[in-house]
Q: 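Okay, here's the structure, questions in a sec.
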Amino acid sequence: MSTDSTANKYRATLNMPDTPFPMRGDLPKREPGWVKEWEEQGVYKKLRDARCNAPKFVLHDGPPYANGQLHMGHAVNKILKDMIVKARQLKGMDALYVPGWDCHGLPIENQIEKTFGRHLPRDEVQAKSRAYATEQIAQQMADFKRLGVLGDWDRPYRTMDFGNEAGEIRALKRIIERGFVYRGLKPVYWCFDCGSSLAEFEIEYADKTSPTVDVAFLCAEPDKLAAAFHLPKLEKDAFAVIWTTTPWTIPANQALNLNPALVYALVDTERGLLVLAEALVEKCLARYGLTGQVIATTHGGHLDMIRFHHPLAHVDPGYARTSPVYLADYATAEDGTGIVHSSPAYGVDDFNSCLHHGMKHDEILNPVQGNGSYDPALPLFGGMNIWKANPQIIETLKNAGRLMATDKLLHSYPHCWRHKSPVIYRAAAQWFVRMDAGEGVFTLDKAPKTLRQTALDAIDQTSFYPENGRARLRDMIANRPDWCISRQRNWGVPLPFFLHKETGDLHPKTMEFLDRAAALVAQGGIEAWSKLDAAEWLGEDATQYAKSNDILDVWFDSGSTFFHVLRGSHPGGSHESGPEADLYLEGHDQHRGWFHSSLLIACALEGRAPYRGLLTHGFTVDSKGIKMSKSLKNGIEPQEVSSKLGAEIIRLWVAASDYSGDIAGDEKILARVVDAYRRIRNTLRFMLANTSDFDPAKDAVPLTQMLEIDRYALARAAQFQAEVLAHYEVYEFHPVVAKLQVYCSEDLGAFYLDILKDRLYTTGAKSLSRRSAQTALWHITHAMLRWMAPFLSFTAEEAWKVFAPGQSDSIFIETFSDTSAWENPALIEKWNFIHQVRDLVNKDIEAVRTEGKVGSSLQADIRITANAADYELLASLGDDLKFVTITSKADVVNGDELKVQVTPSTATKCERCWHWREDVGHDAAHPTLCGRCTGNLFGAGETRTVA
């Protein structure tokens with residue numbers, strides 16, 4: 001018989017691993033089948049049933065906007081949420097996850113205008129918007145499911161559901177009752193493209209080049225000015241000079257602001273006497289190309305209420321008015337001239353200063369219309385777009401002899417975050433939620449503290465992940481103005497008010513009407529309010545009152561969902577006593593968005609935050625740290641990656657990334673993720689293959705009877721699980737992925753599983769030695785499938801069907817393994833040292849192999865010299881030491897220091913177990929086998945105690 005045929009003969013006697021779990025995941029082809037299976041089997045419902053009466057965990061979904069295809073940022077967000085919910089489910093909690101969508105608002109309305117044209121009737125805009133949002137949700141939902149996200153997909157929440165629209169009106173009513181809502185004329189951010197006011201949340205800053213102008217205002221009261229500067233009279237015309245980056249506001253100028261504490265100079269120049277902040281005289285004269293001499297100085301307080309002519313008063317009678325000096329701290333000597341021109345309709349500070357000095361609302365000039373053009377009646381510039389009017393205003397000032405200088409300035413400027421176009425402050429009658437003390441339109445149950453203070457207190461009671469989010473949100477709440485909650489659009493939840501046509505006052509029955517409006521909308525949606533004839537509710541009063549067409553800011557929609565979703569359309573939140581969700585999770589931009597609006601609404605309604613914890617993640621960026629963008633073509637799309645590599649690779653990439661910062665991804669990074677996935681999958685496959693003939697009911701070995709290395713492997717698994725669960729508890733995944741890779745490659749692959757192969761393959765199939773190893777593998781596999789299930793969901797589920805058929809319908813119904821009985825710190829300490837010794841042995845064997853003296857480590861005989869303590873530990877392994885070092889012979893002797901001597905074996909190689917042994921051929925019937933193999937095949941089998 002030839003050697004090869006003999007080897008083949010004995011190979012059949014080995015316990016070779018076998019499993020239907022394939023080496024290749026073939027994820028792109030197979031994942032859609034698992035998604036379909038989860039859906040058809042109602043896995044989410046089964047998870048709820050499995051955790052009936054268990055402690056609840058609610059991650060409330062920040063609703064993505066129902067517009068456009070999902071990008072990788074969406075994928076990161078939803079996968080993070082899914083991983084957290086699954087980890088809490090495996091912890092044994094009833095982990096609820098109801099996906100939601102934000103459905104109202106301008107982007108959808110813009111899409112309708114692009115498709116069907118502007119100026120559609122309100123009813124038509126609403127009908128088309130609702131249909132469009134429904135289509136978008138269906139598309140996005142399919143993509144979210146494809147990512148392996150489990151949730152209540154059969155019953156998601158949508159802010160446009162009638163019940164949620166009605167719930168929002170009820171939330172508004174309660175906030176009014178608490179005294180937080182008022183109506184006022186006030187400058188608010190205004191976007192001409194939106195044709196509407198914007199909230200702070202909707203503003204982003206970008207560089208803008210603006211024209212600067214220094215403009216001279218002729219003094220209308222020269223005697224008073226002379227007296228203020230302690231002069232008997234003025235010998236020339238005197239001018240107050242202002243500097244601004246918004247020439248378009250000059251036509252609406254109504255005052256000048258000076259700082260009472262600053263020193264102002266009267267400067268004699270060839271263009272008259274100029275009033276300037278003393279500290280800026282030199283800079284200003286250089287800018288104007290003038291020489292001058294300071295002839296007098298005075299504090300700003302002495303200039304109070306002196307009047308100056310509008311700079312175009314002598315050009316057109318429409319500007320024949322004067323601007324008084326008002327004293328205000330916001331005029332500084334940091335730049336410009338120290339004098340600020342005031343157009344109260346277009347600046348918050350200007351507005352407040354003018355009102356403080358007695359100006360009435362109806363006296364405020366507001367010529368800029370909602371579309372960005374001046375009122376046609378405005379002298380000189382009527383009908384012009386304000387940005388296009390800037391050059392003409394500058395030219396008109398120049399021709400009028402009032403322009404001292406002009407230049408251009410690149411500066412950070414507020415822009416609409418939807419249109420990326422510059423916005424302005426514009427005074428408009430709007431509805432506000434008050435942050436500080438003051439009265440509301442109706443106050444039936446006044447809150448004990450201001451909204452700002454209540455929100456700041458709530459932040460102190462909230463957990464933040466990462467912690468630096470606390471300061472970020474606190475700063476935004478501490479410094480924000482009142483919240484403008486009204487918008488002048490069609491697609492949104494109405495402010496269901498009736499306003500007196502002359503006074504603008506609310507109808508006395510407003511609170512009753514809010515209840516009726518909520519009931520109306522609950523039956524027919526926001527469209528029912530739009531179609532309502534005021535006479536139906538007001539009767540004879542209908543001639544005196546106008547029905548409001550304003551809608552609520554879309555941030556009010558999503559911000560109030562804790563109230564009308566967690567407590568309304570999808571009740572069963574985590575805490576019956578209140579609206580708190582356990583966690584809100586979004587990108588860090590939501591400190592100014594959803595986190596912010598939700599906090600304000602909950603504090604207004606309930607006096608507390610709607611969440612117990614806030615988790616924020618970074619943006620998706622390319623390998624250079626540049627934010628992924630379709631225009632830059634530097635992004636990776638989830639749909640494409642899923643079709644090429646599998647959604648599992650996206651999930652692993654998300655889990656492996658430190659989400660507290662920006663999350664980098666490109667093809668090279670994903671290729672590394674694929675390699676990591678293969679290592680984990682191959683380790684899992686080895687364990688599945690080597691437990692395929694193991695029936696725990698019949699074959700499991702009690703812990704006390706297991707071999708020492710198997711007990712060590714379980715102790716190490718228990719230690720590892722404690723680390724994993726500690727990370728999961730604080731919503732950390734990247735340390736788990738990093739440690740799992742090391743665990744698979746080093747703890748298992750390069751050590752325990754490597755040592756185990758001989759015992760698994762060569763000992764008796766039903767021997768204690770092999771069953772002990774299989775028992776350990778079976779327990780570790782159970783534990784490992786649960787560790788990886790939150791992020792490698794498809795793979796864990798696939799393996800679960802192979803590993804535990806019939807045990808439960810899904811790995812997610814299971815709970816983390818109880819590893820308490822496995823804990824053994826002393827054994828871990830001992831085997832950590834043995835692991836180090838084995839690394840030393842491998843290093844020395846590799847040196848001999850490099851010299852060509854041995855092939856595999858089994859061809860080596862080793863002698864380990866160790867000091868007394870180490871000798872005792874290594875000697876406790878007995879003859880099993882050679883199995884630990886994977887050599888054919890291993891001795892340990894006493895000595896001074898730890899060292900290894902490697903000698904090529906002079907024995908013969910056994911064709912079955914590949915060990916080099918002196919007793920190969922001891923049985924004439926099996927001349928190529930060693931005594932260990934003949935014993936395992938035909939005798940009582942070898943006895944092992946350690947490895």
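What you are looking at is a predicted structure, and each value in this text was computed from that prediction instead of being measured.
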Q: Measure up the F432 and Y182 rings against each other and bin them: parallel (under 30°), tilted (30 to 60°), perpendicular (over 60°).
A: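 Geometry flag for Y182 against F432: parallel rings.
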Q: Would E31 and S642 satisfy side chain to side chain donor-acceptor pair (under 3.5 Å), going step by step from the backbone distance to the final call?
A: CA-CA 9 Å; E31 285 172 345; S642 294; 5.5 Å; no
Q: Is any side-chain heavy atom of N164 less than 4.5 Å from a side-chain heavy atom of V565?
A: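 Yes - at least one pair of side-chain heavy atoms lies under 4.5 Å apart.
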Q: Please name the pair of heavy atoms, one in I813 and one in A50, separated by the smallest distance, quoted to 0.1 Å.
A: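 It is CG2-CB, 3.8 Å.
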Q: For L451 and L600, which heavy atoms make the closest approach, and how far apart are they?
A: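 Result for this residue pair: CD1-O, 3.5 Å.
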Q: Kindly assign one of parallel, tilted or perpendicular to the pair H60 and Y157, based on the angle between their ring planes and the thresholds 30° and 60°.
A: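 The rings of H60 and Y157 lie parallel, inter-plane angle below 30°.
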Q: Take E177 and R174 through the salt bridge (charged side-chain N to carboxylate O under 4.0 Å, His left out) test and state the conclusion after the steps.
A: CA-CA 5 Å; E177 287 177 344; R174 178 62 180 150; 3.3 Å; yes
Q: Considering only heavy atoms from C-beta outward, does the side chain of N549 approach that of Q488 to under 4.5 Å?
A: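 No, their side chains stay 4.5 Å or more apart.
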Q: Minimum heavy-atom separation for L605 and A171, please, with both atom names.
A: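 Nearest pair, atom of L605 first, then A171: CD2-O, 3.5 Å.
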Q: Would you mind reporting whether F442 and L514 have side-chain heavy atoms less than 4.5 Å apart?
A: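 A side-chain contact under 4.5 Å is absent here.
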Q: Please report the C-alpha distance between K78 and D61 in whole Å, then the side-chain angles of each, then the deciding distance to 0.1 Å, and finally whether the salt bridge (charged side-chain N to carboxylate O under 4.0 Å, His left out) criterion is met.
A: CA-CA 9 Å; K78 271 292 192 288; D61 192 24; 3.1 Å; yes
Q: Using a 6.0 Å distance limit plus a 45 degree cone around the ring axis, check whether R470 lies over the aromatic ring of F464.
A: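 That pair does not qualify as a cation-pi contact.
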Q: Side chains of T616 and Q590: is there a donor and an acceptor less than 3.5 Å apart?
A: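 There is no such pair between these side chains.
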Q: Is the backbone N or O of P790 less than 3.5 Å from a side-chain atom of Y728, with the two atoms forming a donor-acceptor pair by type?
A: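 No: the side chain of Y728 does not pair with the backbone of P790.
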Q: Quick one about Q136 and W101 (side-chain donor to acceptor, distance below 3.5 Å, no hydrogens or angles considered), yes or no?
A: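 No, no side-chain donor-acceptor contact under 3.5 Å.
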Q: Flag the pair D123 and K531 as a salt bridge only when some basic side-chain nitrogen lies within less than 4.0 angstrom of an acidic carboxylate oxygen.
A: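 Looking at D123 and K531, the cut-off is not met.
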Q: If the condition is salt bridge (charged side-chain N to carboxylate O under 4.0 Å, His left out), which residues does K45 pass it with, not counting sequence neighbours?
A: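 Once residues adjacent in sequence are excluded, the partners of K45 under the salt bridge (charged side-chain N to carboxylate O under 4.0 Å, His left out) criterion are D49.
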Q: Using 0.5 Å steps for rounding, measure from the CD atom of Q139 to the CG atom of L70.
A: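 Atom-to-atom, Q139:CD and L70:CG are 7.5 Å apart.
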Q: Ignoring hydrogens and geometry, is there a side-chain-to-backbone donor-acceptor pair from S197 to S486 under 3.5 Å?
A: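 Yes: the side chain of S197 pairs with the backbone of S486.
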Q: Can you check whether I526's main-chain N or O pairs, donor with acceptor, with E165's side chain at less than 3.5 Å?
A: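 Such a contact is found between E165 side chain and I526 backbone.
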Q: Quick one: list whatever passes side-chain contact (heavy atoms from CB on, under 4.5 Å) with E814, sequence neighbours left out.
A: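 In terms of side-chain contact (heavy atoms from CB on, under 4.5 Å), with neighbours along the sequence ignored, E814 is linked to R786, W800, Q807, S808, I811.
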Q: Backbone N or O of A66 within a donor-acceptor pair of the R158 side chain at under 3.5 Å?
A: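 Pair absent, no side-chain N/O of R158 close to backbone of A66.
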Q: Within this structure, what is the CH2-CD1 distance for the pair W555 and I601, rounded to the nearest 0.5 Å?
A: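 W555 CH2 to I601 CD1: 11.0 Å, rounded to 0.5 Å.
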Q: Which pair of heavy atoms, one from M160 and one from T134, lies closest together, and at what distance?
A: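 It is CE-OG1, 3.3 Å.
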Q: Any non-hydrogen side-chain atom of T561 less than 4.5 Å from a side-chain atom of P610?
A: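 Not in contact.
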Q: Taking L147's backbone N and O only, do any of them form a donor-acceptor pair with R651's side chain (distance below 3.5 Å, no angle check)?
A: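 Between the backbone of L147 and the side chain of R651 there is a qualifying donor-acceptor contact (under 3.5 Å).
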Q: Output, in order, the C-alpha distance, side-chain angles, deciding distance and verdict of side chain to side chain contact (heavy atoms under 4.5 Å, CB included) for D154 and D152.
A: CA-CA 5 Å; D154 292 336; D152 195 353; 4.3 Å; yes
Q: Closer than 3.5 angstrom, by distance alone: can the side chain of R608 be matched with the main-chain N or O of D457 as a donor-acceptor pair?
A: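 Flag not set: sc R608 to bb D457 has no pair under 3.5 Å.
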Q: NE2/H564 to CD1/I169 distance, rounded to the nearest 0.5 angstrom?
A: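 Reported to 0.5 Å precision, the distance equals 10.0 Å.
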Q: Do any N or O atoms from the side chain of R452 and from the backbone of R480 form a donor-acceptor pair under 3.5 angstrom?
A: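 Yes, because the side chain of R452 sits within donor-acceptor range (under 3.5 Å) of the backbone of R480.
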Q: Could you tell me how the ring of W153 sits relative to the ring of Y97: parallel (under 30°), tilted (30 to 60°) or perpendicular (over 60°)?
A: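 The arrangement is perpendicular - the two ring planes meet at more than 60°.
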Q: Heavy-atom count check: over 12 atoms from other residues, nucleotides or ligands less than 6.0 Å from E512 CD?
A: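 More than 12 within 6.0 Å, yes.
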Q: On the six-membered ring of F116, is K128 placed so that its NZ or CZ lies under 6.0 angstrom from the centre and within 45° of the ring axis?
A: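 Pair K128/F116 counts as cation-pi.
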Q: Quick one: do E797 and R30 satisfy salt bridge (charged side-chain N to carboxylate O under 4.0 Å, His left out)? Show the steps, please.
A: CA-CA 12 Å; E797 192 79 306; R30 301 176 68 209; over 6 Å; no
Q: Would a 4.5 Å heavy-atom cut-off, applied to side chains only, mark H415 and K420 as touching?
A: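 In short, these two side chains do not touch, never coming nearer than 4.5 Å.
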Q: Pairing donors with acceptors under 3.5 angstrom, does anything connect the side chains of H74 and D143?
A: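 Result is no, nothing qualifies.
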Q: Given L473, which of L456, L614, T462 fulfils the side-chain contact (heavy atoms from CB on, under 4.5 Å) condition?
A: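 Checked L456, L614, T462 against L473; only one passes side-chain contact (heavy atoms from CB on, under 4.5 Å): L614.
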Q: For the pair Y731 and F57, name the ring-plane relationship: parallel under 30°, tilted 30 to 60°, perpendicular over 60°.
A: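 It falls in the tilted class, 30° to 60°.
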Q: Distance-only, no hydrogens or angles: does the H588 side chain make a donor-acceptor pair with backbone N or O of G618 under 3.5 Å?
A: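 Answer holds: no.
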Q: Taking the cut-offs as 6.0 angstrom to the six-membered ring centre and 45 degrees off its axis, would you call K547 and W529 a cation-pi pair?
A: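 Pair K547/W529 counts as cation-pi.
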Q: Over all heavy atoms of both residues, which pair between W34 and L27 is shortest? Give the atoms and the distance, please.
A: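 Nearest pair, atom of W34 first, then L27: CZ3-CD2, 4.4 Å.
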Q: Between F791 and I79, is there a side-chain heavy-atom distance shorter than 4.5 Å?
A: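 They are not in contact (no side-chain heavy atoms under 4.5 Å apart), so the answer is no.
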Q: Between K81 and N77, do the side chains contain an N or O donor and an N or O acceptor separated by less than 3.5 Å?
A: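 Judged by distance alone, the side chains do pair up.
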Q: With side-chain contact (heavy atoms from CB on, under 4.5 Å) as the test, pick out the partner of D102 among P107, S558, P64.
A: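 That would be S558; it is the only one of P107, S558, P64 passing the side-chain contact (heavy atoms from CB on, under 4.5 Å) with D102.
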Q: How long is the span from the CD atom in Q140 to the CD atom in Q69, to the nearest 0.5 Å?
A: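 Rounded to the nearest 0.5 Å, the CD-CD separation comes out at 9.0 Å.
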Q: Check R88 with E729, please: is the shortest side-chain N to carboxylate O separation under 4.0 Å?
A: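 Counted as a salt bridge, because a side-chain N and a carboxylate O are separated by less than 4.0 Å.
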Q: Which pair of non-hydrogen atoms, one from I650 and one from P638, has the smallest distance, and what is that distance?
A: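 I650 and P638 have their closest heavy atoms at CD1-O, 3.6 Å.
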Q: I'd like to know whether the aromatic ring centres of F498 and F513 sit less than 6.0 Å apart in this structure.
A: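 Yes, the ring centres sit under 6.0 Å apart.
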Q: Applying side-chain contact (heavy atoms from CB on, under 4.5 Å) between V493 and each of D557, I551, V521, L172, report the one that passes.
A: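 Filter result, single survivor: D557.
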Q: If we only count heavy atoms from C-beta on, is the I112 to W491 side-chain gap below 4.5 Å?
A: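 They are not in contact (no side-chain heavy atoms under 4.5 Å apart), so the answer is no.
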Q: Mind checking the CZ-CG spacing from R487 to L198? Nearest 0.5 Å is all I need.
A: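 Atom-to-atom, R487:CZ and L198:CG are 6.0 Å apart.
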Q: Could you please spell out the steps behind the salt bridge (charged side-chain N to carboxylate O under 4.0 Å, His left out) verdict for K86 and D82?
A: CA-CA 6 Å; K86 284 172 176 170; D82 186 57; 2.7 Å; yes
Q: Keeping T450 on the side-chain end and Q453 on the backbone end, is there a donor-acceptor pair under 3.5 Å?
A: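 Yes; at least one donor-acceptor contact below 3.5 Å.
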Q: Under 3.5 Å, is there a donor-acceptor pair between the side chain of E109 and the main chain of C194?
A: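 Here the side-chain-to-backbone pair does not exist.
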Q: Which word best sums up how the rings of W594 and Y584 line up, parallel for under 30°, tilted for 30 to 60°, or perpendicular for over 60°?
A: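 Rings of W594 and Y584: parallel, under 30°.
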Q: Is the shortest side-chain N to carboxylate O distance from E606 to R567 below 4.0 Å?
A: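 Yes, this pair counts.
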